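Structure, as structure tokens:
Quantities reported herein were computed from a predicted structural model and do not represent experimental measurements. When reading the values below, keep in mind they use all heavy atoms of this one structure, side chains included, and skip hydrogens, waters and symmetry mates.
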Protein chains: 2
Amino acid sequence: MPSYQPGSDTRNRLLVAAAEVFAEQGFRHARVSDICLRAQANIAAVNYHFGDKESLYLAVVQKLDEESKADAPYMQIEPNASPEEKLNTFIREFLGVLLKTGPSTWLGKLMAREMMEPTAALDYMIEKVIPPVDGVARGIVGELLSMPPEAPLVQLCVSSILSQCMIYFDTKEIALRMRPELINPDRSYDPATIAFLAEHVTQFSLHGMQSMAVPVADMPAGK
Amino acid sequence: MPSYQPGSDTRNRLLVAAAEVFAEQGFRHARVSDICLRAQANIAAVNYHFGDKESLYLAVVQKLDEESKADAPYMQIEPNASPEEKLNTFIREFLGVLLKTGPSTWLGKLMAREMMEPTAALDYMIEKVIPPVDGVARGIVGELLSMPPEAPLVQLCVSSILSQCMIYFDTKEIALRMRPELINPDRSYDPATIAFLAEHVTQFSLHGMQSMAVPVADMPAGK
DNA sequence: TTCCTTTTCAAATCACGATTTCAAATTTAT
DNA sequence: ATAAATTTGAAATCGTGATTTGAAAAGGAA
């Protein structure tokens with residue numbers, strides 16, 4: 001029942017095609033017939049190699065996660081840069097991951113989708129994918145606020161920053177109708193537009209945090 | 001084929017139940033069997049009264065929109081308040097619409113879902129629902145920046161503000177796993193938590209805009 | 001009451017997409 | 001070269017959920 005040749009060509013084509021389709025459509029709307037079509041594989045190939053659609057999805061998430069551990073540009077922030085520069089780089093890379101096309105953007109898109117519509121992969125992501133990204137963001141913000149990365153205020157600011165990036169991914173369908181000239185035929189944003197948006201988010205966030213560099217009220221503890 | 005008694009009791013129960021289910025699950029995941037169950041109606045009632053699931057959905061959106069035109073708290077900002085107060089009120093009300101439970105929150109939730117996963121209702125929303133909300137937000141931000149509401153920078157800041165609210169709706173499933181004590185059994189957020197989050201978003205955004213009160217670079221025009 | 005319109009109901013049908021089946025093709029090992 | 005193991009392919013099956021059907025119930029007007 002399991003795959004006997006983990007390096008099988010068909011198996012790999014399925015993983016690549018599936019990453020693309022899942023990133024574009026989300027787990028539920030992705031059709032395994034679509035995935036097989038793009039992978040030039042038979043409709044039964046997913047079940048033969050992975051058991052079922054969800055296991056394939058899990059395999060995609062893990063594969064992309066491992067690959068991104070190798071080189072994820074927004075995880076390797078120049079340690080000597082100023083915290084302001086670090087934040088700008090982080091935002092630019094994170095926005096790119098959500099708005100560009102290609103393999104390096106797939107895990108980010110899957111993560112954004114899991115947040116809105118969780119599947120079994122969310123547990124994996126909470127454990128393995130989110131902490132490193134969150135850690136980098138908290139490190140930068142903590143530095144900016146002169147606060148430990150675990151401080152509740154740091155968490156709030158990280159949410160504010162990430163949300164500003166994600167909105168452009170989430171509202172892509174609206175942008176397509178109201179500002180179609182900003183989006184390429186392959187549904188990616190233009191690099192110039194991404195750079196422009198990153199600059200705005202950076203400025204907005206830097207100033208947003210400027211006056212917060214002292215400990216203030218805590219999150220309410222009880223429910 | 002069409003409904004003969006537009007005020008039919010069953011028809012109204014369907015509209016109410018459908019609004020609730022659609023807001024909670026989104027259009028695709030909502031089951032008409034579920035809606036009929038909650039409306040105490042037969043499984044065929046949706047097709048008898050509305051034709052099909054999508055027409056019911058459209059009817060729900062329009063009904064909620066018309067009702068909200070009557071009294072939507074975040075649309076009626078005290079005109080004499082300072083712009084800072086107006087922003088705080090707007091953010092608190094908008095967050096409430098996304099994080100509380102009850103009829104007044106349903107349209108906001110449907111709008112948030114349409115953004116991520118558009119249906120035929122998106123066109124209606126782009127035309128009728130978004131402009132008023134967007135207009136109020138632009139008015140407040142324009143006042144804060146001493147800029148006309150149509151300025152591109154005003155648009156960017158509005159996106160930054162709305163995104164910070166929406167993230168708490170979008171990541172509810174993660175919050176459920178990482179901070180379950182913040183979310184009530186009925187899946188709503190506690191009023192104290194909402195007020196706390198609104199305070200943070202307001203402060204972050206006010207400071208984020210503080211230094212922008214002069215015209216700067218424009219959105220790149222060409223694609 | 002009786003006829004006609006409207007509404008409800010349970011059961012059947014449809015549509016779509018995931019999964020299974022099993023025979024044929026291919027690969028690998030001896 | 002042959003046999004066993006592995007992989008592929010086309011068609012069949014399943015499951016879920018929306019939609020349709022047609023008979024019964026309910027209402028209303030003569």
Would you say the side-chain atoms of [X] and [Y] include a donor-acceptor pair closer than 3.5 Å?
X	Y	result
B:Glu54	B:Thr119	no
B:Gln203	B:Glu199	yes
B:Ser205	B:Gln164	yes
B:Tyr124	B:Asp65	yes
B:Gln40	B:Arg13	no

Residues at least two apart in sequence or cross-chain that pass ring pair (Phe, Tyr, Trp, His ring centres under 6.0 Å) with A:Phe22, listed by chain then number, are A:Phe27, A:Tyr57

Would you mind reading off the distance between [X] atom [atom1] and [N] atom [atom2], rounded to a whole angstrom?
X	N	atom1	atom2	value
A:Asn47	C:dT20	CG	P	6 Å
A:Leu37	C:dA18	CG	P	13 Å
A:Tyr57	C:dT19	OH	C1'	20 Å
A:Leu56	C:dT19	CG	P	10 Å
B:Leu14	C:dC9	CG	P	11 Å
B:Gln25	D:dG17	CD	P	11 Å

Do NZ/NE/NH1/NH2 and the carboxylate oxygens of [X] and [Y] come within less than 4.0 Å?
X	Y	result
B:Arg138	B:Glu150	no
B:Lys63	B:Glu67	yes
B:Lys86	B:Glu78	no

The helix from C:dT1-D:dA30 to C:dT30-D:dA1: angle between terminal helix axes, five bp per end, to the nearest 10 degrees, reads 10°

Measure all distances between protein nitrogen or oxygen atoms and nitrogen or oxygen atoms of nucleotides 24-28 of chain D, and list the pairs falling under 3.5 Å.
none

- Query: Taking it one step at a time, do B:Glu173 and B:Arg187 satisfy salt bridge (charged side-chain N to carboxylate O under 4.0 Å, His left out)?
  - Reply: CA-CA 10 Å; B:Glu173 288 299 327; B:Arg187 301 174 60 87; 2.8 Å; yes

Exactly one of B:Asn88, B:Ile167, B:Ile91 clears side chain to side chain contact (heavy atoms under 4.5 Å, CB included) with B:Val201, and that residue is B:Ile91

### Proximity to DNA chain C (any heavy atom under 4.0 Å), residues of residues 26-34 of chain A only
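The stretch gives A:Ala30, A:Arg31, A:Val32, A:Ser33 as the residues lying under 4.0 Å from the strand, ordered by number.
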
May I ask you to check whether A:Phe204 and A:His200 place their ring centres under 6.0 Å from each other? yes

Pairs under 3.5 angstrom, nitrogen or oxygen only, protein versus nucleotides 8-12 of chain D, please.
{"from": "D:dT8", "atom 1": "OP1", "to": "A:Thr10", "atom 2": "OG1", "distance (Å)": "2.3"}
{"from": "D:dT8", "atom 1": "OP2", "to": "A:His49", "atom 2": "NE2", "distance (Å)": "2.8"}
{"from": "D:dG9", "atom 1": "N7", "to": "A:Asn42", "atom 2": "OD1", "distance (Å)": "3.4"}
{"from": "D:dA10", "atom 1": "N7", "to": "A:Asn42", "atom 2": "ND2", "distance (Å)": "3.4"}

Residues at least two apart in sequence or cross-chain that pass side-chain contact (heavy atoms from CB on, under 4.5 Å) with B:Ile43, listed by chain then number, are B:Val32, B:Ser33

